[in-house]
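A quick write-up on the structure given underneath.
Quick caveat, the model's predicted, so the values are computed rather than measured. Counting begins at 1 with the first residue of the sequence.
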Amino acid sequence: MGQRNRLQYIILGLLNQRPQTGYDLAKAFENEIGEFWQAQHSQIYPLLRRMEDAGEITHEDTVAGEKLAKKQYTLTPSGHDKLVDWVSEPSPELTPSKDEFILKLYFIKTDKDPRIQPMLREQLRLHQTQLNHLEGRLKTVFPTDAAKQQAYGHYLILDHAIERERDYVAWLSRYLTD
(Lines give C-alpha, C1' and ligand atoms only; values in the text may rest on other atoms or scores of the structure.)
Protein backbone atom coordinates (compact mmCIF):
# COMPACT_ATOMS: atom_id res chain seq x y z
CA MET A 1 0.00 0.00 0.00
CA GLY A 2 3.01 2.30 0.24
CA GLN A 3 2.45 5.65 1.87
CA ARG A 4 -1.14 6.04 0.71
CA ASN A 5 -3.00 8.59 2.78
CA ARG A 6 -4.72 6.39 5.35
CA LEU A 7 -6.16 9.42 7.12
CA GLN A 8 -8.78 9.77 4.40
CA TYR A 9 -10.08 6.28 5.24
CA ILE A 10 -10.23 7.07 8.94
CA ILE A 11 -12.29 10.16 8.15
CA LEU A 12 -14.58 8.14 5.86
CA GLY A 13 -15.00 5.54 8.62
CA LEU A 14 -15.79 8.14 11.26
CA LEU A 15 -18.32 9.82 8.99
CA ASN A 16 -19.85 6.43 8.25
CA GLN A 17 -20.66 6.22 11.96
CA ARG A 18 -22.44 9.61 12.00
CA PRO A 19 -22.21 13.13 10.53
CA GLN A 20 -19.48 15.15 12.22
CA THR A 21 -17.76 18.52 12.14
CA GLY A 22 -14.06 18.94 11.54
CA TYR A 23 -13.70 19.63 15.24
CA ASP A 24 -15.51 16.37 16.08
CA LEU A 25 -13.18 14.48 13.77
CA ALA A 26 -10.10 16.07 15.34
CA LYS A 27 -11.39 15.17 18.84
CA ALA A 28 -11.71 11.52 17.79
CA PHE A 29 -7.91 11.40 17.68
CA GLU A 30 -7.79 12.24 21.39
CA ASN A 31 -9.64 9.05 22.34
CA GLU A 32 -9.71 5.55 20.84
CA ILE A 33 -8.34 6.40 17.40
CA GLY A 34 -5.50 8.29 19.04
CA GLU A 35 -4.41 5.01 20.62
CA PHE A 36 -3.24 3.80 17.21
CA TRP A 37 -3.27 6.73 14.79
CA GLN A 38 -2.40 10.41 15.10
CA ALA A 39 -3.64 13.38 13.07
CA GLN A 40 -3.54 17.13 13.56
CA HIS A 41 -6.07 19.81 12.68
CA SER A 42 -3.61 20.99 10.03
CA GLN A 43 -3.95 17.60 8.30
CA ILE A 44 -7.68 17.08 8.76
CA TYR A 45 -9.16 20.33 7.45
CA PRO A 46 -7.31 20.45 4.10
CA LEU A 47 -8.13 16.77 3.58
CA LEU A 48 -11.83 17.45 4.23
CA ARG A 49 -11.76 20.04 1.43
CA ARG A 50 -10.05 17.63 -0.97
CA MET A 51 -12.45 14.82 -0.10
CA GLU A 52 -15.40 17.12 -0.65
CA ASP A 53 -13.97 18.26 -4.00
CA ALA A 54 -13.62 14.56 -4.93
CA GLY A 55 -17.31 13.95 -4.08
CA GLU A 56 -16.59 11.54 -1.21
CA ILE A 57 -18.15 13.73 1.46
CA THR A 58 -20.46 16.69 1.57
CA HIS A 59 -21.29 19.25 4.20
CA GLU A 60 -24.18 21.23 5.55
CA ASP A 61 -23.69 24.53 7.33
CA THR A 62 -25.14 24.47 10.83
CA VAL A 63 -25.29 27.19 13.46
CA ALA A 64 -24.18 26.56 17.01
CA GLY A 65 -25.06 29.12 19.62
CA GLU A 66 -25.76 32.65 18.41
CA LYS A 67 -23.49 32.99 15.40
CA LEU A 68 -20.98 30.17 15.13
CA ALA A 69 -21.37 28.45 11.76
CA LYS A 70 -20.05 24.91 11.54
CA LYS A 71 -19.73 22.51 8.65
CA GLN A 72 -21.36 19.17 9.43
CA TYR A 73 -19.82 16.57 7.11
CA THR A 74 -21.56 13.44 5.85
CA LEU A 75 -20.47 10.55 3.70
CA THR A 76 -21.67 10.41 0.09
CA PRO A 77 -22.45 7.09 -1.64
CA SER A 78 -19.10 7.42 -3.44
CA GLY A 79 -17.31 7.91 -0.12
CA HIS A 80 -19.12 4.93 1.36
CA ASP A 81 -18.08 2.76 -1.60
CA LYS A 82 -14.47 3.90 -1.21
CA LEU A 83 -14.56 2.99 2.51
CA VAL A 84 -16.07 -0.44 1.82
CA ASP A 85 -13.45 -1.14 -0.86
CA TRP A 86 -10.60 -0.13 1.46
CA VAL A 87 -11.86 -2.21 4.42
CA SER A 88 -12.24 -5.19 2.05
CA GLU A 89 -8.63 -4.97 0.78
CA PRO A 90 -5.97 -7.16 2.34
CA SER A 91 -3.44 -5.49 4.64
CA PRO A 92 -0.30 -7.40 3.59
CA GLU A 93 2.35 -5.25 5.25
CA LEU A 94 3.47 -4.58 8.79
CA THR A 95 3.82 -0.93 9.70
CA PRO A 96 6.97 -0.20 11.69
CA SER A 97 6.51 1.40 15.08
CA LYS A 98 8.25 4.71 15.74
CA ASP A 99 9.16 4.12 19.38
CA GLU A 100 11.92 6.53 20.47
CA PHE A 101 12.67 4.48 23.57
CA ILE A 102 13.36 1.39 21.46
CA LEU A 103 15.54 3.46 19.16
CA LYS A 104 17.58 4.70 22.13
CA LEU A 105 17.95 1.14 23.46
CA TYR A 106 19.50 0.16 20.16
CA PHE A 107 22.48 2.39 20.95
CA ILE A 108 23.07 1.10 24.50
CA LYS A 109 26.13 -1.15 24.39
CA THR A 110 26.06 -2.97 27.75
CA ASP A 111 23.73 -3.88 30.58
CA LYS A 112 26.08 -1.94 32.85
CA ASP A 113 25.19 1.38 31.17
CA PRO A 114 23.95 3.65 34.02
CA ARG A 115 21.18 5.03 31.79
CA ILE A 116 19.41 1.73 31.24
CA GLN A 117 17.62 1.25 34.58
CA PRO A 118 16.24 4.82 34.75
CA MET A 119 15.06 4.43 31.15
CA LEU A 120 13.32 1.16 31.97
CA ARG A 121 11.68 2.62 35.10
CA GLU A 122 10.41 5.64 33.17
CA GLN A 123 8.95 3.45 30.43
CA LEU A 124 7.40 1.10 32.98
CA ARG A 125 5.64 4.06 34.60
CA LEU A 126 4.42 5.35 31.23
CA HIS A 127 3.21 1.96 29.99
CA GLN A 128 1.53 1.09 33.30
CA THR A 129 -0.31 4.43 33.16
CA GLN A 130 -1.36 3.70 29.58
CA LEU A 131 -2.51 0.20 30.53
CA ASN A 132 -4.62 1.60 33.38
CA HIS A 133 -6.14 4.17 31.00
CA LEU A 134 -6.99 1.52 28.39
CA GLU A 135 -8.54 -0.81 30.95
CA GLY A 136 -10.68 2.09 32.16
CA ARG A 137 -11.75 2.87 28.58
CA LEU A 138 -12.72 -0.77 28.08
CA LYS A 139 -15.05 -0.63 31.09
CA THR A 140 -16.51 2.71 29.99
CA VAL A 141 -16.98 2.05 26.28
CA PHE A 142 -17.90 -1.65 26.48
CA PRO A 143 -19.76 -2.22 29.76
CA THR A 144 -21.90 -5.01 28.29
CA ASP A 145 -21.66 -7.78 25.71
CA ALA A 146 -24.27 -5.89 23.66
CA ALA A 147 -21.98 -2.86 23.52
CA LYS A 148 -19.15 -5.10 22.29
CA GLN A 149 -21.34 -6.53 19.55
CA GLN A 150 -22.41 -3.08 18.33
CA ALA A 151 -18.78 -2.02 17.73
CA TYR A 152 -16.90 -5.30 17.63
CA GLY A 153 -13.96 -4.04 15.59
CA HIS A 154 -13.45 -1.17 18.02
CA TYR A 155 -13.61 -3.66 20.89
CA LEU A 156 -10.95 -5.83 19.23
CA ILE A 157 -8.64 -2.84 18.80
CA LEU A 158 -9.01 -1.83 22.42
CA ASP A 159 -8.45 -5.40 23.57
CA HIS A 160 -5.34 -5.58 21.37
CA ALA A 161 -4.01 -2.32 22.84
CA ILE A 162 -4.53 -3.67 26.37
CA GLU A 163 -2.67 -6.89 25.54
CA ARG A 164 0.16 -4.91 23.90
CA GLU A 165 0.57 -2.76 27.04
CA ARG A 166 0.42 -5.78 29.36
CA ASP A 167 3.16 -7.44 27.34
CA TYR A 168 5.24 -4.24 27.31
CA VAL A 169 4.90 -3.88 31.10
CA ALA A 170 5.90 -7.52 31.61
CA TRP A 171 8.89 -7.16 29.27
CA LEU A 172 10.12 -4.00 31.04
CA SER A 173 9.63 -5.58 34.46
CA ARG A 174 11.74 -8.57 33.46
CA TYR A 175 14.80 -6.36 32.88
CA LEU A 176 14.46 -4.04 35.86
CA THR A 177 17.03 -4.89 38.52
CA ASP A 178 15.85 -2.62 41.33
Exercise. State, with a plain yes or no, whether a side-chain heavy atom of Asp99 is found less than 4.5 Å away from one of Tyr168.
Key: yes
Quiz item: Can you name the closest pair of heavy atoms from Pro118 and Pro114 and give their distance?
Solution: CD-O, 3.3 Å
Self-check item: Heavy-atom neighbours of His133 NE2 exceed 12 at 6.0 Å
Solution: yes
Self-check item: Shared hydrophobic cluster for Val84 and Ile10 (ILVMFWY, side-chain gaps under 4.5 Å)
Solution: no
Practice problem: List for me each residue that meets side chain to side chain donor-acceptor pair (under 3.5 Å) alongside Asp81, sequence neighbours excluded, and say none if there are none. | Solution: none
Quiz item: What distance do Leu25 atom CG and Ile11 atom CD1 have between them, rounded to the nearest 0.5 Å?
Solution: 6.0 Å
Quiz item: Arg166: what forms a salt bridge (Lys or Arg N to Asp or Glu O under 4.0 Å) with it, not counting sequence neighbours?
Solution: Glu135, Glu163
Quiz item: Once you round to the nearest 0.5 Å, how far does NE2 of His127 lie from CG of Asp167?
Solution: 11.5 Å
Only distances under 3.5 Å count here; give the side-chain donor-acceptor pairs of residues 143-152 to other protein atoms, sequence neighbours excluded, each with its distance to 0.1 Å.
unit_1: Thr144; atom_1: OG1; unit_2: Ala146; atom_2: N; d: 3.4
unit_1: Thr144; atom_1: OG1; unit_2: Ala147; atom_2: N; d: 3.0

Quiz item: Side chains of Leu47 and Arg50: does their closest heavy-atom pair fall under 4.5 Å?
Solution: yes
Quiz item: Under a 4.5 Å cut-off applied to non-hydrogen side-chain atoms, are Lys82 and Tyr9 in contact?
Solution: yes
Quiz item: Below 4.5 Å, heavy atoms only, C-beta onward: do Phe101 and Leu120 meet side chain to side chain?
Solution: yes
Exercise. Provide the closest heavy-atom pair for Leu14 versus Ala28 in the form atom of the first, atom of the second, distance.
Key: CD1-CB, 3.9 Å
Check: residues 73-80 side-chain donor-acceptor pairs under 3.5 Å, at least two apart:
unit_1: Thr76; atom_1: OG1; unit_2: Gly55; atom_2: O; d: 2.6
unit_1: Thr76; atom_1: OG1; unit_2: Glu56; atom_2: O; d: 2.9
unit_1: Thr76; atom_1: OG1; unit_2: Ser78; atom_2: N; d: 3.4
unit_1: Thr76; atom_1: OG1; unit_2: Gly79; atom_2: N; d: 3.1

Quiz prompt | All side chain to side chain donor-acceptor pair (under 3.5 Å) counterparts of Arg115, not counting sequence neighbours | solution = Asp113
Practice problem: Measure the shortest side-chain to side-chain distance between Met51 and Leu12 over non-hydrogen atoms and say whether it is less than 4.5 angstrom. | Solution: yes
Quiz item: How far apart are the closest heavy atoms of Gln38 and Gln43, and which atoms are they?
Solution: O-OE1, 4.4 Å
Quiz item: Can you name the residues that form a salt bridge (Lys or Arg N to Asp or Glu O under 4.0 Å) with Glu60, not counting sequence neighbours?
Solution: none
Self-check item: His59 side chain reached by Leu48 side chain, heavy atoms, under 4.5 Å
Solution: no
Quiz item: How many angstroms lie between atom NZ of Lys71 and atom OG1 of Thr62, to the nearest 0.5 angstrom?
Solution: 11.0 Å
Quiz item: Can any side-chain N or O of Glu165 pair as donor or acceptor with the backbone N or O of Leu134 at less than 3.5 Å?
Solution: no
Quiz item: Taking a hydrophobic cluster as the set of Ile, Leu, Val, Met, Phe, Trp and Tyr residues connected by side-chain heavy atoms closer than 4.5 Å, whether directly or through intermediates, do Ile44 and Trp86 fall within one such cluster?
Solution: yes
Quiz prompt | Phe142 CZ to Arg137 CZ distance, which is reported to the nearest 0.5 Å | solution = 9.0 Å
Quiz item: How far does CD of Glu122 sit from CG of Leu172, to the nearest 0.5 angstrom?
Solution: 10.5 Å
Quiz prompt | Salt bridge flag under 4.0 Å for residues Arg49 and Glu52 | solution = no
Practice problem: For Arg121 and Leu124, run side chain to side chain contact (heavy atoms under 4.5 Å, CB included): C-alpha distance rounded to whole Å, both residues' side-chain angles, the deciding distance at 0.1 Å, then the answer. | Solution: CA-CA 5 Å; Arg121 279 192 300 277; Leu124 179 61; 5.6 Å; no
Practice problem: Answer yes if the side chains of Asp24 and Thr21 hold a donor-acceptor pair under 3.5 Å, and no otherwise. | Solution: yes
Quiz item: Do you reckon Val169 sits in the same ILVMFWY cluster as Ile102, going by side-chain contacts under 4.5 Å, direct or chained?
Solution: yes
Quiz item: Given the rule that I, L, V, M, F, W and Y join up when any side-chain heavy atoms are under 4.5 Å apart, are Val87 and Leu15 in one cluster?
Solution: yes
